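So the structure is just underneath, and the comments pick up after that.
Everything quoted here is computed from the prediction, not taken from an experiment. Residue numbers start from 1 in every chain, and the chains themselves are labelled A, B, ... in the order their sequence lines are given, proteins ahead of strands.
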Amino acid sequence: MLKSAMEGRLLLRPLLLLLLISSLFFIKISSSSPPQQIQILTAERRIDLTSHIVRVFLTLKAENTGASQASEVLVALPPTQAEHLAVIKAASIEGKRKKKTVLPLDVNPIELADTPNGACLYSISLLKPLKTGDTTTLEVLLILTHSLEPFPKEIGQSESQLVYYRDSALILSPYHIREQTTYLKTPNTKVESYTVVDPTNRAGTELKYGRYDSHPPYSYSPILVHFENNHPFAVVEELVREVEVSHWGSLQITEHYKLVHAGAKHNGIFSRVEYQSRPSVSGASSFKRLLLTLPPRVHSVYYRDEIGNISSSHLRGDSYKSELEIEPRYPLFGGWKATFVIGYGLPLQDFLFESSDGRRYLNFTFGCPLLETVVNKLTIKVVLPEGSTEPSAVVPFPVEQYLETSYSYLDIVGRHTVVLKKENVVQELNAPFQVYYRFNPIFLLAEPLMLASAFFLFFAGCIAYLHVDLSIRKS
Amino acid sequence: MGGKHESANGLKAPISTPTPPAHVSLRPDFFPNLKSLKLKTKQQELLLRVTTLCLVYLLAFIIRLFSVLRYESMIHEFDPYFNYRTTLFLTRHGFYEFWNWFDSESWYPLGRIIGGTLYPGLMVTAAFLYWVLRFLRFAVNIKDVCVLTAPFFASNTTLVAYFFGKEIWDSGCRHRRGRPHRHLPWVHLAVGRRVAVNTGSLAWALGSAFGYFYMVSAWGGYVFIINLVPLYVLVLLITGRYSMRLYVAYCTMYVLGMLLAMQIRFVGFQHVQSGEHMAAMGVFFLMQVFYFLDWVKHLLSDTKLFQDFLRITVTCAVSVGGLALGVGMASGFISPWTGRFYSLLDPTYAKDHIPIIASVSEHQPTAWSSFMFDYHILLFLFPAGLYFCFKRLSDATIFIVMYGLTSLYFAGVMVRLILVATPAVCLISAIAVSATVKNLTTLVRTKSKVIHTGSSKGTASAKTSAKASLDQSLPFQRNGAIALLVGAFYLLSRYATHCTWVTSEAYSSPSIVLAARGAHGGRVIFDDYREAYFWLRQNTPPDAKVMSWWDYGYQITAMGNRTVIVDNNTWNNTHIATVGRAMSSYEDEAYEIMHSLDVDYVLVVFGGVTGYSSDDINKFLWMVRIGGGVFPVIKEPDYLVNGEFRVDKGAAPKMLNCLMYKLCYYRFGELTTEYGKPPGYDRARGVEIGNKDVKLEYLEEAFTTSNWIVRIYKVKPPSNRW
């Protein structure tokens, strides 16, 4: 709370003051809960700030200095980053340069109430326990969304967008770190200001903090980098994807997007003449086209919104993927929104399989086909054909899931629909998931038979009417 | 200049599609071939009729799908957006809510009581179809239902027209042309049944009353029917064709129809109170008098006595009627005729008195060429058909003749009423074709030598003469008849081609989306309207008020989902005049007006970049006229130079500095629109604009679409006073 109050003032004061205040936050807490059996020998952190999605690559060399074996290594994040964390992945590196192998490891958040300043911990389970005195190299990938704060908060059409990035010069860790360095990569050389925590160097697009030697656990030294980032801040506030399975041979996908430009708000005037005549300067942070990657052999693609078709889209395809380039009705400036629907059909045989136990399963990709976007709320609805039973979903990461019933053409009992929900989704989560169900092919015939019998009854009724004399009086 | 190119009531599509013409003559000629199928003549005829009808039904439906194929399934034009929006509301909130709907999103700050000021027929029909389909588990979208309701009813029209035609010409005129308009089926229901009544019974009269009710609920054009029918009855009375059938039919239809129509809140008591409905009422009373006289005549066998009685009764009746009308008019109980009605009787009336009616392009007198364009050969067949009707005069043909003549007059007065005339013209022409073809085929089939008079002087006129005489014989009669038949079919097939072409080229453009040919022959789409409306919908506060000229009101509320000051329901002339005044004032004066109306955004349509001619600058004089009609500060001559409307250097100073000019041409002077022309060259008017240095003080540009067709400005909040 104090921090946010401070922030308000920070915005007003010159940079010098900012440095002074931020030094107040220099937190050094040596006592911590997990037993100090692990020590980090070297830590290198590379933070990629070139897009609006922040990617942090952390390389840790850990040594077991304790008496017993260690089966897990902990990584800490400040709570502000933890709430924006979209993906955390870890891998252990084995072997030297040429024969290097990367083995993915499990990462799980752990709840420890007494961490200083509410730091959140994630435990990386090692493949084999680390013996006393042994070292291991771990690579951790963190993807943070909504971590760049536009400042100034509102910009005009011809201004470029500047953002703040807040982090710590020192890597937050529950362990003692002997040597550490942090590199920040900015999209271009225009960096307005940055906090200096000696030694700090800037060269080209790279900002280097460190090397810092021997810092106790939970060391924290806030830094603030203010730089230009005109990357399109495309955020999908809500995405609902409906996957409808038809055993007649097609998979129909409908995607409802609520897109917003989450960068600095556009203030007031939008001048078309400037936008048209000086496209490089005017509206540098805006975007007018987006790219979607769709599966190969996609057909019947449409792109529309509540008031009709949007005519500006292009589809290119090869045998590996299809690319759909779409343009919203108007270029999106900071704070502007656009909602639209994209729909397409896919051949069923590419996605539906039969498992060994006689069940069928749909193998489909999770996530959002839009490249370089963040999805705040993703809902995937898999609509199974009428008459299917025992639906269940297998997703490689935790998601909220439940069942509902939906109705479509000529449905009587409704269709089982598996709903999967996840928040804060980025492209790295586009992994396949499976939905298993049982289906009796006899239900395929239900609807044609229904239609046929309706027509039969109609004609039978006509024949009966023509042949039955309904008049009361015999003439 | 200044005429509006909008058609305020969209979906007018006088499409004419004759069926493949062959079938008329098929009937007798194909005996031998079909004998093998062992069908009796009657059965063959039935089969042919049913097949033809089915084909016509399908064709009428399909031909309306041109726009769906060429563009997309979308609502066209201006007014239908209101119907669409209200239908949407109806399906979402149910009928009760719909009936009591107070719409605060239009006519800000007045609002509009939707339930009491609309003809709910179309919305209820579409919603009903939607509910039925939903109930049958068809997962349809309400928009598609709305779009496809029109072709569906177009098809129904053809069926009704067929039965109507059959009724008046008992057999033979199976030459229905689908002339679909979604209102028209019900014109027919009302009219067609009306005729059926003459041969039929109380049940038919009841049916026609309900048909009339449906018509009233769907369209304000019902006034035409309620005046046409009494006129027809009057003509029957005058020509001495009064009968009991007529009495039963008319009285049932009038009383029931009136009572039913009163259930529509918008119509209410107009049937007994407004001047437009008085004719029907007068004829109703006249019928009673006639019946009474008939009864008296029956009682009094003396002719002399009856003559006296007749004189007294008629004088009394007429004077009582005149007195009642006079008192009603004077006391204001009976409202005088509305301006729209006046302008029908006197085409110059609206121009002088009600600029708002005159400003609508649909209300302009019809141009000569558009008759030619829409009717094609029907223009020649129509008089021929009238001739045949007169040759075989009956109650029914009198009706169709009267319907045809009156509606043709109205079609000449107002361009939108072409669609009222269309079915009549079609029917009468069909009678002509049918009669001609029938006569010619009899000629071909008779072995006897018959003279063929008036040999070959143009097929159209030959048709009439072909029937003329069969009594004498000439050598080449058979060959001549065959040649004429071929000629007739050639004409009909040309007509079919023409109709299809007209439908696809002229009547299938949605006017929301503009299409043009690019420099390389490719199709270029200008989707600026929707771009702007969608921008409004997404990026302005939900309670923002948008000021624009009234043409775009319905579209802004339906597509932009924002509150508008005025819309196409032009019920409050003062409010529209206020907007017109704001548009034609200087910016500071306009700012005060806009401020008093809580306007947040101003929307103008500008065609200077694309050459789109129905933009706000071309409509501007109407804004001045309508504004000036209420606020005399606005004077039309201030905007003209020597009676000429200009936007270039020679324009009037007031014109160059009024709000509309500024909003349209803001920063336009910096833009080069056409190669080899100076910057600021207006392509819609073909001139270089006069004021290139437009500065805005109280407004700022909020959005301009990619082709500059729609420009939206934000009204700045009042500046702080220090």
Side-chain angles (χ1 to χ4, degrees), chain A residues 156-157 237 244 252 257-261 265-278 288 302-313 327-341 383 386 406-415 446-447 450-451 454 466, chain B residues 71-75 81 84 88 133-134 136-140 143 147 510 512-513 515 523-540 555 558-561 609 666-672 679 696 699-708 710-714 716:
Chain A
Q157 189 180 344
E237 286 185 323
E244 201 177 314
Q252 184 61 43
Y257 289 86
K258 271 188 194 165
L259 187 73
V260 68
H261 187 302
K265 295 256 183 302
H266 179 70
N267 73 352
I269 300 162
F270 167 69
S271 171
R272 178 65 72 171
V273 71
E274 267 178 32
Y275 186 74
Q276 278 174 341
S277 56
R278 292 187 294 155
K288 63 187 289 192
Y302 62 84
Y303 169 46
R304 62 201 325 278
D305 60 22
E306 291 134 297
I307 61 171
N309 181 44
I310 309 170
S311 47
S312 44
S313 57
E327 281 179 30
R329 289 192 187 272
Y330 39 83
L332 281 164
F333 281 81
W336 287 12
K337 291 175 185 166
T339 56
F340 53 87
V341 181
V383 184
E386 200 177 24
S406 60
Y407 292 91
S408 183
Y409 283 94
L410 300 173
D411 283 354
I412 292 167
V413 293
R415 307 180 179 206
E447 283 166 11
M450 243 161 65
L451 277 181
L466 288 175
Chain B
Y71 293 89
E72 60 184 276
S73 163
M74 70 188 294
I75 312 286
Y81 271 96
Y84 173 56
L88 213 62
L133 287 172
R134 279 273 160 179
L136 292 176
R137 294 271 184 236
F138 287 99
V140 289
K143 190 190 78 195
V147 168
I512 299 292
V513 181
R523 193 154 170 261
V524 188
I525 295 254
F526 297 123
D527 206 355
D528 286 41
Y529 278 108
R530 288 194 296 184
E531 181 182 343
Y533 296 146
F534 205 65
W535 184 85
L536 273 178
R537 189 187 185 109
Q538 298 280 328
N539 301 314
T540 56
Q555 293 180 350
M559 286 195 273
N561 199 15
V609 177
Y666 179 65
R667 301 198 70 176
F668 181 66
E670 300 167 32
L671 190 78
T672 309
L696 288 173
L699 295 113
E700 60 186 23
E701 186 179 2
F703 187 72
T704 297
T705 57
S706 47
N707 298 302
W708 292 56
V710 184
R711 309 194 72 181
I712 300 170
Y713 292 83
K714 190 178 190 322
K716 287 186 194 167

To the nearest 0.5 angstrom, please state how far the CD1 atom of A/Ile269 sits from the OH atom of B/Tyr713.
11.0 Å

Minimal heavy-atom distance between B/Arg667 and A/Ser271, with the atoms involved, is NH1-OG, 3.2 Å

Within the distance-only criterion (no hydrogens, no angle test), does the side chain of A/Gln276 pair as donor or acceptor with the backbone N or O of B/Ser706 below 3.5 angstrom?
yes

Distance in Å, A/Phe340 CZ paired with B/Gln538 CD, rounded so as to fall on 0.5 Å steps
10.5 Å

At a heavy-atom separation under 4.5 Å, does B/Met559 approach chain A through its side chain, its backbone, both, or neither?
both

Quick one: of B/Trp535, B/Phe668, B/Phe138, B/Phe703, who has the most non-hydrogen atom pairs under 4.5 Å with chain A?
B/Trp535

Working to the nearest 0.5 angstrom, can you tell me the gap between A/Glu274 CD and B/Glu701 CD?
9.0 Å

Counting only non-hydrogen atoms closer than 4.5 Å, does A/Thr339 touch chain B with its backbone (N, CA, C, O), its side chain (CB onward), both, or neither?
both

How long is the span from the OG atom in A/Ser311 to the OH atom in B/Tyr71, to the nearest 0.5 Å?
11.5 Å

Can you say whether B/Arg711 sits under 4.5 Å from chain A via the side chain, the backbone, both, or neither, judging by heavy atoms?
neither

Salt bridge (charged side-chain N to carboxylate O under 4.0 Å, His left out) for B/Glu531 and A/Arg272? Distances and angles first, verdict last.
CA-CA 13 Å; B/Glu531 181 182 343; A/Arg272 178 65 72 171; 3.1 Å; yes

Can you tell me which portion of B/Lys716 sits under 4.5 Å from chain A's heavy atoms? Options are side chain, backbone, both or neither.
neither

Using atom types as modelled, flag every donor-acceptor pair under 3.5 Å from a side chain in residues 327-336 of chain A to any protein atom, sequence neighbours excluded.
unit_1, atom_1, unit_2, atom_2, d
A/Glu327, OE2, A/Arg289, NH2, 3.1
A/Arg329, NE, A/Asp305, OD2, 2.7
A/Arg329, NH1, B/Asp527, OD2, 3.2
A/Arg329, NH2, A/Asp305, OD1, 3.1
A/Arg329, NH2, A/Asp305, OD2, 3.4
A/Arg329, NH2, A/Gly308, O, 3.2
A/Arg329, NH2, A/Asn309, O, 3.3
A/Tyr330, OH, A/Lys337, O, 2.5
A/Tyr330, OH, B/Asn539, ND2, 3.4

Turns out that what part of B/Val513 lies under 4.5 Å from chain A's heavy atoms comes down to neither

Value for CZ (A/Phe270) from CD1 (B/Ile712), rounded to nearest 0.5 Å, stands at 10.5 Å

Measure B/Leu136 against the heavy atoms of chain A and call it side chain, backbone, both or neither at under 4.5 Å.
backbone

Do B/Arg530 side-chain atoms and A/Ile307 backbone N/O form a donor-acceptor pair below 3.5 Å?
yes

